[in-house]
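Heads up: the structure comes next, in structure tokens.
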Amino acid sequence: MKIAPIRNEMDYQNALNRLEEIFDAKKGTDQGDELEILSILIDRYENLNFPIGMPDPIEAIKFRMEQMGMKQKDLAEVVGFKSRVSEILNKKRKLTLGMIRKLNETLHIPTEVLVQDY
């Protein structure tokens, strides 16, 4: 087992190829340990070099509503009037702190996503 830091695209590709070779390794074996270490190194390299930004707050709300089978009238129970929901979903009204808290509790959308500018 020869593990080295992933510093460039070639190292990254080699690590991915090796990971694929030992993907079914059993925990507690040498290959299992190598698999665990490689996956940590790959994850770190990807997070540094291919960061994924947070989603738009309103798109996150719409997506979560779709996942939960919610309609605008259902969201009105969370944030207030139906007209307010329409304004929010059309980005004509900003979310208040109270709305963010309720959306976090009800839709389980992280507050970090909801507090972003849009």
Q. Side chains of E46 and Y12: donor-acceptor distance under 3.5 Å anywhere?
A. yes
Q: Determine whether R18 and E34 make a side-chain contact, defined as any pair of heavy atoms from C-beta on separated by less than 4.5 Å.
A: yes
Q.
Nearest 0.5 angstrom please: T106 OG1 to R64 CZ, how far?
A. 10.5 Å
Q | Backbone of K71 reached by a side-chain donor or acceptor of D74 within 3.5 Å | A | yes
**Q.** Same apolar cluster: I109 and V115, side chain cutoff 4.5 Å
**A.** yes
Q.
Does any part of the side chain of L103, heavy atoms only, come nearer than 4.5 Å to the side chain of L75, both counted from C-beta?
A. yes
Q.
Any non-hydrogen side-chain atom of M70 less than 4.5 Å from a side-chain atom of L107?
A. yes
Q: Supply the atom-to-atom distance L41 CG to R7 CZ, rounded to the nearest 0.5 angstrom.
A: 10.5 Å
Q) side chain to side chain contact (heavy atoms under 4.5 Å, CB included) between Q13 and M10: does it pass, once the steps are laid out? A) CA-CA 5 Å; Q13 288 303 319; M10 183 184 290; 5.9 Å; no
**Q.** Hphob cluster co-occupancy, M54 + I61, side-chain heavy atoms under 4.5 angstrom
**A.** yes
Q | Cluster link V85 to F63, ILVMFWY, side chain under 4.5 Å | A | no
Q: Measure the NZ-CG distance between K26 and D33 for me, rounded to the nearest 0.5 Å.
A: 14.5 Å
Q) Out of curiosity, does I3 fall in the hydrophobic cluster containing I6 (side-chain heavy atoms, cut-off under 4.5 Å, transitive links)? A) yes
Q: Evaluate the criterion side chain to side chain contact (heavy atoms under 4.5 Å, CB included) for residue pair M99 and R84; output intermediate values, then yes/no.
A: CA-CA 11 Å; M99 290 177 195; R84 185 172 297 157; 3.3 Å; yes
Q | E87 vs K92, salt bridge (charged side-chain N to carboxylate O under 4.0 Å, His left out): CA-CA, chis, key distance, verdict | A | CA-CA 5 Å; E87 290 173 345; K92 293 181 180 176; over 6 Å; no
Q: Answer yes or no: is there a side-chain heavy-atom contact under 4.5 Å between I22 and L38?
A: yes
Q. In Å and rounded to the nearest 0.5 Å, what is the CD to CG distance from E21 to L16?
A. 11.5 Å
Q) Quick one: are K102 and L97 in side-chain contact, heavy atoms under 4.5 Å? A) no
Q.
Using 0.5 Å steps for rounding, measure from the CD atom of E9 to the OH atom of Y45.
A. 5.0 Å
Q: Go through K91 and D56 one step at a time and tell me if the salt bridge (charged side-chain N to carboxylate O under 4.0 Å, His left out) criterion holds.
A: CA-CA 11 Å; K91 297 183 179 181; D56 175 85; 3.3 Å; yes
Q) Mind checking whether V113 and P55 have side chains closer than 4.5 Å, heavy atoms only? A) yes
Q: Indicate if L89 and F81 have the same hydrophobic cluster label, given that clusters are the connected sets of ILVMFWY residues with side-chain heavy-atom separations under 4.5 angstrom.
A: no
**Q.** Gap between atom CD1 of I37 and atom CG of L19 - 0.5 Å precision
**A.** 12.5 Å
